There are 2 protein chains.
Amino acid sequence: MQIPLYQIIENEIKEQIQSKKLKEGDLIPSENQLTEIYNVSRMTVRQALNNLVNDGYLYKHKGRGTFVAPRKIEKSIQGVRGFTEEMEGLGKVVSSKVVKFLVLEPSEEIREKLFLKEDEKAIYVERIRYGDKMPILFETLYIPQNLFKDLTAADMEESFYTYIEKEKGYRVSHCVQSIEAQMPKSKHAEMLKINKNMPVLKIIRNTFLNNGRPFEYVISIYRSDQYRFVQYAFKG
Amino acid sequence: MQIPLYQIIENEIKEQIQSKKLKEGDLIPSENQLTEIYNVSRMTVRQALNNLVNDGYLYKHKGRGTFVAPRKIEKSIQGVRGFTEEMEGLGKVVSSKVVKFLVLEPSEEIREKLFLKEDEKAIYVERIRYGDKMPILFETLYIPQNLFKDLTAADMEESFYTYIEKEKGYRVSHCVQSIEAQMPKSKHAEMLKINKNMPVLKIIRNTFLNNGRPFEYVISIYRSDQYRFVQYAFKG
DNA sequence: GAGTGGTCTAGACCACCAT
DNA sequence: TGGTGGTCTAGACCACTCG
């Protein structure tokens with residue numbers, strides 16, 4: 001047996017959903033019917049269906065049947081994503097302006113966040129990021145200099161995540177972040193060209209590579225009228 | 001049969017992991033051994049183990065055995081969590097007050113979010129949630145009535161997630177959520193006892209069970225001075 | 001070769017749902 | 001009441017891993 005039977009069943013049902021032969025909310029054949037259609041045991045059918053439920057294609061109703069799930073949740077809005085990737089996914093034109101770019105002696109807190117030793121430096125960047133020329137985000141980044149010795153201000157006008165993955169060959173793995181609502185500081189209101197009465201979303205993120213090293217500690221200030229943070233999360 | 005056999009097995013293994021009787025990387029008894037230990041069939045053992053694998057407690061190696069997974073990333077900052085679990089993790093005393101509890105004809109939008117058919121009803125709940133007696137969160141929930149026919153207002157004074165998992169035997173799987181900053185509406189300011197000039201964090205969440213069905217659509221309004229949303233996210 | 005997990009069968013009883 | 005999915009049994013053969 002090369003391909004397991006349950007996978008064949010899975011693929012056929014998946015194909016029928018993708019080709020719209022089966023639409024959202026449609027009742028699919030019962031487990032007993034599928035047993036006869038594919039000439040397999042019920043447990044095999046159940047394995048196929050359970051996998052499709054886990055993948056978000058179907059949902060079950062005890063006593064009623066199994067149905068095609070509405071809109072499969074976009075995998076694209078999952079987990080850790082750079083701003084560029086996110087905005088382009090929404091069809092917006094992204095641009096950035098670097099306001100500050102310098103190397104500094106990090107504070108104790110930053111050293112901890114970036115796993116830096118006593119004498120190691122951090123790159124400090126401030127930049128404004130635009131979607132369709134509208135300022136959406138002001139961010140302050142701390143980056144370990146020893147990971148990015150040749151990083152320039154020009155690089156930061158583009159996507160940092162792309163730079164990391166394409167230029168340096170690193171792989172972004174995960175992040176720890178906190179999200180809160182605030183009133184903007186004067187500086188932030190000015191940068192984002194907003195009224196001081198409009199709240200902002202403040203996201204503080206520590207992002208890691210797949211080698212376990214943190215490569216950025218970022219404080220982001222988002223315009224609340226232009227940005228909602230959307231994501232897909234699993235139960236731990 | 002009240003509690004399924006596979007869930008009993010699951011719980012015992014989970015308990016052994018949490019109490020450190022089983023450590024990271026430990027080999028657990030083989031499926032055949034568990035069959036004898038619990039005096040059940042192998043398929044039942046497999047169902048228990050597969051659930052634990054899906055939940056990240058174990059991993060399998062064909063031909064070698066089943067092992068305890070490396071320590072799960074801090075439970076406290078991961079993915080989908082109920083408010084109760086989260087607050088208790090911070091050492092706070094949680095309480096809730098149900099403000100409204102009624103059954104209603106859902107709007108088209110809510111029907112879509114909860115996968116409801118034309119004639120199916122939704123339970124509508126408003127509640128205020130406290131940490132150490134301080135109001136922190138006001139939430140509006142829509143819950144499919146057909147999943148929770150016997151749900152009472154009293155149940156909602158406690159943890160809904162615990163009710164779902166312990167009382168009903170369902171399993172919370174994942175959620176899709178959006179997070180944004182806002183100024184509070186008068187009603188929200190009143191409920192949370194805050195000044196109208198203090199921003200709030202608005203989280204809209206659609207949460208799913210492992211049978212693929214959504215069990216809640218929630219709009220949460222958090223006091224920004226009392227709450228930061230902290231989490232751990234993986235690169236998709 | 002002995003043991004492991006992966007796949008699969010052909011039954012069974014149950015709780016739930018619609019009619 | 002008849003059909004659905006949820007749980008469970010007691011077998012079986014396979015591919016993989018390790019000694």
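Lettering follows sequence order; numbering is per chain, from 1. Predicted, not measured: the structure shown is a model, and the values here were computed from it. What's counted below: heavy atoms across the whole structure, side chains too, no hydrogens, waters or symmetry copies.
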*Strictly by modelled atom types, are A/E216 and A/Y161 linked by a side-chain donor-acceptor pair under 3.5 Å?*
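A pair is found: one side chain offers a donor N or O, the other an acceptor, under 3.5 Å apart.
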[atom1] of [X] versus [atom2] of [N]: gap in Å, rounded?
X     : N      : atom1 : atom2 : answer
B/N51 : D/dT7  : CG    : P     : 9 Å
A/E10 : C/dT7  : CD    : P     : 10 Å
B/Y59 : D/dT17 : OH    : P     : 14 Å
A/L34 : D/dG3  : CG    : P     : 16 Å
B/I3  : D/dT7  : CD1   : P     : 13 Å
B/L5  : D/dG6  : CG    : P     : 17 Å
B/E31 : D/dC8  : CD    : P     : 16 Å
A/N32 : C/dG11 : CG    : P     : 13 Å

Nucleotides 17-19 of chain C: which of its N/O atoms have a protein N/O under 3.5 Å away?
{"from": "C/dA18", "atom 1": "OP1", "to": "A/R64", "atom 2": "NE", "distance (Å)": "3.0"}
{"from": "C/dA18", "atom 1": "OP1", "to": "A/R64", "atom 2": "NH2", "distance (Å)": "3.4"}

Among [options], which is the nearest nucleotide to the side chain of [X]?
X     : options              : result
B/S30 : C/dT4, C/dT9, C/dG6  : C/dT4
B/Q47 : D/dT7, D/dG5, C/dC8  : D/dT7
A/R42 : C/dC13, C/dT9, C/dG6 : C/dC13

*Taking only residues at least two apart or on different chains, which pairs with a member in residues 184-193 of chain B satisfy side-chain hydrogen bond (donor to acceptor under 3.5 Å, both in side chains)?*
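Every pair satisfying side-chain hydrogen bond (donor to acceptor under 3.5 Å, both in side chains) with a residue in residues 184-193 of chain B: B/E126-B/K187.
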*Can you pull the side-chain hydrogen bond (donor to acceptor under 3.5 Å, both in side chains) pairs that have at least one residue in residues 92-104 of chain B, sequence neighbours excluded?*
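Sorted result for residues 92-104 of chain B: B/S96-B/R129.
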*asked:* OP1 or OP2 of D/dT9 versus the side-chain N and O atoms of B/T44: is any pair under 4.0 Å?
replied: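 Answer yes for this pair, as a side-chain N or O of B/T44 is under 4.0 Å from OP1 or OP2.
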*asked:* Using OP1 and OP2 only, check whether a side-chain N or O of A/Y6 sits under 4.0 Å from C/dC8.
replied: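 False: A/Y6 side-chain N/O out of range (4.0 Å or more) of C/dC8 OP1/OP2.
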*Can you sort out the partners of A/Y59 under ring pair (Phe, Tyr, Trp, His ring centres under 6.0 Å), two or more places apart, ordered by chain and number?*
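Testing A/Y59 for ring pair (Phe, Tyr, Trp, His ring centres under 6.0 Å), a comparison that skips the adjacent residues, returns A/F67, B/F115.
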*State which residues pass ring pair (Phe, Tyr, Trp, His ring centres under 6.0 Å) with A/F208; sequence neighbours excluded, sorted by chain then number.*
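Partners of A/F208 by the ring pair (Phe, Tyr, Trp, His ring centres under 6.0 Å) criterion, ordered by chain and then number, come out as A/H174.
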*Of all residues at least two apart in sequence or in a different chain, which pass the side chain to side chain donor-acceptor pair (under 3.5 Å) check with B/N211?*
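Scan of B/N211 (side chain to side chain donor-acceptor pair (under 3.5 Å), adjacent residues dropped) gives none.
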*Taking the nucleotide of DNA chain D with the closest heavy atom to each, which residue, A/T66 or A/M43, is nearer the 5' end?*
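Upstream on the strand: A/T66.
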_Tell me if the centroids of the rings in A/F160 and A/F148 come within less than 6.0 Å of each other._
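They qualify: ring centres under 6.0 Å apart.
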